[in-house]
Enquirer: 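Please read through the structure below; I'll follow up with questions.
In what follows, residues are counted from 1 in the order of the sequence shown.
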Amino acid sequence: MIFLDTTFVVALFVSNDDWHESAVKVYDEIRNEKLVISNLVIAETVTILKNKLKTKDIMEIYRNIPNFFRVVDDNSLYGEAMNEFVKYDSTISFFDAMYVAVMKKEEIFKIASFDSDFDKVDNLVRLS
């Protein structure tokens, strides 16, 4: 299983994103793996996409997300995310701390991301 960070998801869907070519290359390498995102990744992605795409295009992406990725409910993990945030002394964002909490719960040890803050996380391999 591989968790997909918002930076990766955005780059994958936005052709003029600085990381688009890299995201497509990584996606081609991992597409046969079980790819996992969380509800918070969806929320963060839609928020970022509003400045990059038309609303109708964002809606199309939103509708198709379950066809591409397994979506994990992260609503019960805010406490664990805060523990991760504190563990890393706020050197990672709360969003990233939430993703770490999700990955721990799901026993995921790889993340596709262009956010180098994940390099600080113990026992995690970042694909970029």
Enquirer: Show the nearest heavy-atom pair for residues Ala97 and Ala81, with the distance to one decimal.
Expert: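 The answer is CB-O, 3.3 Å.
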
Enquirer: Using side-chain contact (heavy atoms from CB on, under 4.5 Å), reason through Leu127 and Ile30 one step at a time and then give a plain yes or no.
Expert: CA-CA 10 Å; Leu127 310 172; Ile30 66 173; 4.0 Å; yes

Enquirer: If the condition is side chain to side chain donor-acceptor pair (under 3.5 Å), which residues does Glu60 pass it with, not counting sequence neighbours?
Expert: Asn64

Enquirer: Roughly how far, to the nearest 0.5 Å, is CG of Leu40 from OH of Tyr78?
Expert: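 Tyr78 OH to Leu40 CG: 5.0 Å, rounded to 0.5 Å.
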
Enquirer: Please give me the minimum heavy-atom distance between Ser38 and Val102, naming the atom from each residue.
Expert: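 Result for this residue pair: CB-CG2, 4.2 Å.
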
Enquirer: Group every Ile, Leu, Val, Met, Phe, Trp and Tyr by side-chain heavy-atom contacts under 4.5 Å, then state whether Val71 and Val41 land in the same group.
Expert: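 The answer is yes; both residues are in one hydrophobic cluster.
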
Enquirer: Report the distance from atom CG of Asp57 to atom NZ of Lys52, rounding to the nearest 0.5 Å.
Expert: 14.0 Å

Enquirer: Taking the six-membered ring for Trp, are Phe85 and Phe94 parallel (under 30°), tilted (30 to 60°) or perpendicular (over 60°)?
Expert: perpendicular

Enquirer: Please report the interatomic distance OH(Tyr62) to CG(Leu49), rounded to the nearest 0.5 Å.
Expert: 13.0 Å

Enquirer: Roughly how far, to the nearest 0.5 Å, is CZ of Phe8 from CZ of Phe3?
Expert: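 The CZ atom of Phe8 is 12.5 Å from CZ of Phe3, to the nearest 0.5 Å.
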
Enquirer: Tell me the closest heavy-atom pair linking Leu4 and Ala112, and the distance in Å.
Expert: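 Looking at all heavy atoms of both residues, the closest pair is CD2-CB, 3.6 Å.
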
Enquirer: Parallel, tilted or perpendicular, judged at 30° and 60°: which one describes the rings of Phe114 and Trp19?
Expert: parallel

Enquirer: In sequence, state the C-alpha distance, the side-chain angles, and the governing distance for Ile42 and Ile37, and then conclude on side-chain contact (heavy atoms from CB on, under 4.5 Å).
Expert: CA-CA 8 Å; Ile42 294 171; Ile37 63 172; 3.7 Å; yes

Enquirer: Roughly how far, to the nearest 0.5 Å, is CD1 of Ile65 from CG of Leu35?
Expert: 12.5 Å

Enquirer: With no hydrogens and no angle check, do the side chains of Asp5 and Thr7 hold a donor and an acceptor under 3.5 Å apart?
Expert: yes

Enquirer: Is there side-chain contact between Ile48 and Thr6, with at least one heavy-atom pair below 4.5 Å?
Expert: yes

Enquirer: What orientation do Phe13 and Phe69 show, parallel under 30°, tilted 30 to 60°, or perpendicular over 60°?
Expert: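 Plane angle over 60°, so perpendicular.
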
Enquirer: Using the side chain to side chain donor-acceptor pair (under 3.5 Å) criterion, which residues pair with Lys104? Sequence neighbours excluded.
Expert: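 Side chain to side chain donor-acceptor pair (under 3.5 Å) check on Lys104 returns Glu84.
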
Enquirer: With salt bridge (charged side-chain N to carboxylate O under 4.0 Å, His left out) as the rule and sequence neighbours excluded, what pairs involving residues 86-99 come up?
Expert: Lys87-Asp122

Enquirer: Donor-acceptor pair, distance only, cut-off 3.5 Å: does the side chain of Lys110 make one with the backbone of Leu124?
Expert: no

Enquirer: For the residue pair Ser128 and Ser113, what are the closest heavy atoms and their distance?
Expert: CB-O, 3.1 Å

Enquirer: Please assess Lys34 against Glu106 for the test salt bridge (Lys or Arg N to Asp or Glu O under 4.0 Å), listing each intermediate value before the final yes or no.
Expert: CA-CA 12 Å; Lys34 186 179 281 188; Glu106 297 292 321; over 6 Å; no

Enquirer: Kindly write out the residues that satisfy side chain to side chain donor-acceptor pair (under 3.5 Å) with Asp17, not counting sequence neighbours, or none if the list is empty.
Expert: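 So Asp17 forms no side chain to side chain donor-acceptor pair (under 3.5 Å) with any residue.
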
Enquirer: What distance separates Glu80 CD from Asp74 CG, expressed to the nearest 0.5 Å?
Expert: 11.0 Å

Enquirer: For Ser116, give me all partners under side-chain contact (heavy atoms from CB on, under 4.5 Å), at least two apart in sequence or on another chain.
Expert: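 Applying side-chain contact (heavy atoms from CB on, under 4.5 Å) to Ser116 gives Asp119, Arg126.
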
Enquirer: Considering residues at least two apart in sequence or located in another chain, which fulfil the side chain to side chain donor-acceptor pair (under 3.5 Å) criterion with Glu21?
Expert: none

Enquirer: Taking it one step at a time, do Asp117 and Lys120 satisfy salt bridge (Lys or Arg N to Asp or Glu O under 4.0 Å)?
Expert: CA-CA 6 Å; Asp117 284 351; Lys120 301 170 188 172; 3.4 Å; yes

